[in-house]
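These notes concern the structure reproduced below.
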Amino acid sequence: MVNDNVINDLLNAWEETYKKGQLTFWIFLALKESNKCVEDIKEFVEKMSEGTMSCEEQSLYRTLRKFQNLEIVEYECIRVSKGPDRKYYHLTETGNELFRRFAERNILLFTKETIINLLTK
Amino acid sequence: MKALTLRLGQFTLGALCLTVVFRYALNLCIGMNSVIGSLLCSVVYFGLMFLTGWYFGSKDVAENEIHDVGFRYHFVTYILCIGLGYVTHYIGWHCESLKSVTITAISWGIGLFIHFIFFLFEQKKTIKGYARDEIFQ
């Protein structure tokens, strides 16, 4: 008999481990779609991951600053009618190539028919 | 690696002020032949420098995640202390003899060099100053 509580505990433990490092993937995906400010990235991540991923704006700022120093992302300041200028981030050439290779090696294999069949079996 | 950060700049300014005040206070104490005053100045200076480095260094690590094993802060402290040691000697403050400053510069310089070797060794584990296993966390 399936013990639902045990499965939930195991699922939470697995997800905690699985989600480590996933924020990077979602940030890249958000910026692949279009240039975005931190608020837009946060909204994209939460919406597209159907609420399975959440992130604090502070954490996003810290990550984006690091990526900027690593020349993975760049930003341009856009003037807005209210408040200070907003930073709109985009992937650099390095960032785009990095994401392309990462997706090719780690994500696209999940689109193979044999794997999809196993996932939906 | 982004070596020059805002926090390092703030530390440099703070350390510069502390070192100038310390050297001046030491100059006065030595002028008055006050051993206790000189010792007190040194202890307070050491404590404040340690706290300043700790405060700005911790913030620097939290904000910029630069993995430099504290070398940048050590280097700035060395330049300030030794540099001001020579400057105060040449402007006539009674802090340290030229020989004393030079001996400190050489012995501390050896320590700094060893720290630099560690820094280079640690840099091999990083990409542009960021620890490899922390970049995509």
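Naming convention: chains lettered A, B, ... in sequence-line order (proteins, then strands); numbering from 1 in each chain. When reading the values below, keep in mind they use all heavy atoms of this one structure, side chains included, and skip hydrogens, waters and symmetry mates.
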Identify which part of [X] has an atom lying under 4.5 Å from any heavy atom of chain B, answering side chain, backbone, both or neither.
{"X": "A:Tyr61", "value": "neither"}
{"X": "A:Lys66", "value": "both"}
{"X": "A:Leu70", "value": "both"}

Exercise. Do the side chains of B:Phe22 and B:Val20 join up, straight or via other hydrophobic residues, at under 4.5 Å, putting them in one cluster?
Worked result: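 Different clusters: B:Phe22 never reaches B:Val20 through Ile, Leu, Val, Met, Phe, Trp or Tyr contacts under 4.5 Å.
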Exercise. Are B:Phe75 and B:Val69 in one and the same hydrophobic cluster, where Ile, Leu, Val, Met, Phe, Trp and Tyr link if side-chain heavy atoms are under 4.5 Å apart?
Worked result: yes
Exercise. B:Ile135 and A:Phe67: which non-hydrogen atoms are nearest, and at how many Å?
Worked result: O-CE2, 3.9 Å
Seminar exercise, completed: Between B:Glu63 and A:Arg62, the two heavy atoms sitting closest are O-CG, 4.0 Å
With a cut-off of 6.0 Å (strictly less than), are more than 12 heavy atoms of other residues, nucleotides or ligands near [atom1] of [X]?
{"X": "B:Tyr86", "atom1": "OH", "answer": "yes"}
{"X": "A:Glu43", "atom1": "CD", "answer": "no"}
{"X": "A:Tyr88", "atom1": "OH", "answer": "yes"}
{"X": "B:Ile36", "atom1": "CD1", "answer": "no"}

Exercise. How long is the span from the CD1 atom in A:Ile72 to the CZ atom in B:Phe136, to the nearest 0.5 Å?
Worked result: 4.5 Å
Problem set entry | Salt-bridge contact B:Lys128-A:Glu71 (side-chain N to carboxylate O under 4.0 Å) |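 Yes, B:Lys128 and A:Glu71 are salt-bridged.
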